[in-house]
Amino acid sequence: MTQLAIDLPHRPALGRADFLVSGCNEAALAWIDRWPDWPARALVLHGPARCGKSHLAELWRERSGGVQVTGDALGPLAPDEIARGGAVAVDDAERAPERALLHLYNCCVEFGASLLIVAAEAPGSWPLALPDLASRLRAAPSVAIASPDEALLGAVLVKHFADRQLRVAPGVIGFLVRRMERSFAAAAALADRLDRLALSAGRPVSIALARRVLAEVTDQP
């Protein structure tokens with residue numbers, strides 16, 4: 001019988017020990033650990049979806065004692081009040097109103113606060129209309145998180161399953177890693193889909209189930 005799959009919320013583990021380090025992200029982590037010894041007030045952290053940018057931003061927020069806001073929520077906020085806290089992280093910064101982000105940047109400089117800009121791409125790729133904002137962001141130090149290698153991709157899958165209280169055999173992880181798209185977003189999507197199917201079927205995540213999910217998104221057997 002097919003069981004009713006109840007969509008229970010799960011909370012990703014975002015502690016320092018939960019951040020998986022590999023060659024693709026060790027430079028980004030080093031910049032977070034380097035704070036407050038940054039060469040400028042602002043740092044731009046960018047990388048593909050689900051690569052751990054928000055995790056690093058949360059680690060930095062805890063380290064700095066600052067605040068974190070999303071870009072699309074920045075507009076109504078008072079930039080001087082945010083900057084007075086001493087440290088601000090803006091996640092999905094490319095979605096922020098340009099003038100609000102510029103005001104926040106200037107306030108951080110004025111009050112001696114640190115600013116972490118988190119985005120999918122480097123500011124040089126943003127279609128910025130305000131020259132002052134463009135010049136400030138492009139002059140700031142920037143660090144990227146690259147696509148994961150095979151070892152990190154397997155570890156990311158294990159973490160996604162662990163966040164969902166699922167234990168998946170190493171053979172299944174290896175099967176997925178060898179056949180899936182090499183991206184953090186694909187790992188998150190596969191873990192979510194397998195979790196739902198396993199719960200619905202009332203059985204563990206197996207190679208047969210993994211093959212079924214992969215067939216939904218690829219042409220590989």
Side-chain angles (χ1 to χ4, degrees), residues 9-74 77 82-83 85-96 101 104-105 108 112-126 136-164 182-192:
H10 70 278
R11 178 178 297 177
L14 295 178
R16 174 58 186 265
D18 303 301
F19 187 79
L20 305 171
V21 184
S22 184
C24 70
N25 59 21
E26 59 185 356
L29 179 61
W31 272 97
I32 298 302
D33 286 342
R34 182 179 174 181
W35 185 88
D37 186 24
W38 287 354
R41 285 293 169 199
L43 172 70
V44 178
L45 169 64
H46 61 95
R50 307 300 294 267
C51 71
K53 303 188 300 294
S54 296
H55 192 159
L56 281 179
E58 175 60 18
L59 293 180
W60 182 77
R61 187 199 62 76
E62 292 181 356
R63 179 182 177 87
S64 65
V67 298
Q68 184 170 338
V69 298
T70 58
D72 55 6
L74 190 59
L77 302 177
I82 303 174
V88 186
V90 182
D91 205 354
D92 293 326
E94 64 269 57
R95 298 170 58 185
L101 187 56
L104 177 60
Y105 189 105
C108 285
S114 297
L115 177 61
L116 178 62
I117 302 290
V118 183
E121 297 180 341
S125 301
W126 301 9
R136 284 165 173 75
L137 294 183
R138 291 168 186 172
S142 179
V143 62
I145 298 179
S147 298
D149 55 30
E150 193 167 293
L152 180 58
L153 198 59
V156 167
L157 280 171
V158 170
K159 182 180 184 302
H160 280 308
F161 287 128
D163 286 342
R164 293 166 169 80
R182 285 202 175 187
S183 74
F184 296 100
L190 282 173
D192 182 68

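Sequential numbering from 1 along the given sequence is applied to the chain's residues.
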Carefully, step by step, assess I32 and L116 under the rule side-chain contact (heavy atoms from CB on, under 4.5 Å). CA-CA 9 Å; I32 298 302; L116 178 62; 4.2 Å; yes
Criterion side-chain contact (heavy atoms from CB on, under 4.5 Å) on L101 and I117, from CA distance to verdict: CA-CA 10 Å; L101 187 56; I117 302 290; 3.9 Å; yes
Are I82 and V67 close enough, and set up right, to give a side-chain contact (heavy atoms from CB on, under 4.5 Å), and what steps lead you there? CA-CA 8 Å; I82 303 174; V67 298; 3.6 Å; yes
Using the rule given for side-chain contact (heavy atoms from CB on, under 4.5 Å), can you reason through Q68 versus D91, listing the C-alpha separation, both sets of side-chain angles and the distance that settles it, and then say yes or no? CA-CA 7 Å; Q68 184 170 338; D91 205 354; 3.7 Å; yes
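Separation of atoms CG (L45) and CD1 (I145) is listed at 5.0 Å; rounding is to 0.5 Å. To the nearest 0.5 Å, the span separating CG on L104 from CG on L77 amounts to 9.0 Å. Here the straight-line distance linking atom CG of L153 with atom OG of S147 works out to 10.0 Å at 0.5 Å rounding. Atom CG of residue D72 and atom CD of residue E94 lie 10.0 Å apart, to the nearest 0.5 angstrom.
When all heavy atoms of F161 and A191 are compared, the closest pair comes out as CE2-CA, 3.7 Å. In plain terms, the two heavy atoms of L43 and S142 that are nearest each other are CD1-N, 4.3 Å. L152 and S22 get closest at one heavy-atom pair: CD2-CB, 3.7 Å. For V44 against A140, the heavy-atom pair with the smallest separation is CG2-CB, 4.2 Å. The shortest heavy-atom contact between W126 and E121 is NE1-O, 2.9 Å. When all heavy atoms of L115 and W38 are compared, the closest pair comes out as O-CZ3, 3.9 Å.
R63 contributes a side-chain N or O that, together with a main-chain N or O of D33, makes up a donor-acceptor pair within less than 3.5 Å. In this structure, the side chain of K53 does not engage the main chain of A144 through any donor-acceptor pair within 3.5 Å. Side-chain atoms of R182 do not come within 3.5 Å of backbone N or O of P148 as any donor-acceptor pair.
Between P39 and P141, some side-chain heavy-atom pair lies under the 4.5 Å cut-off.
Because its NZ or CZ atom is both nearer than 6.0 Å to the ring centre of W31 and within 45° of the ring axis, R34 counts as a cation-pi partner of that residue.
A donor-acceptor contact under 3.5 angstrom links the side chains of W35 and S114, judged on distance only.
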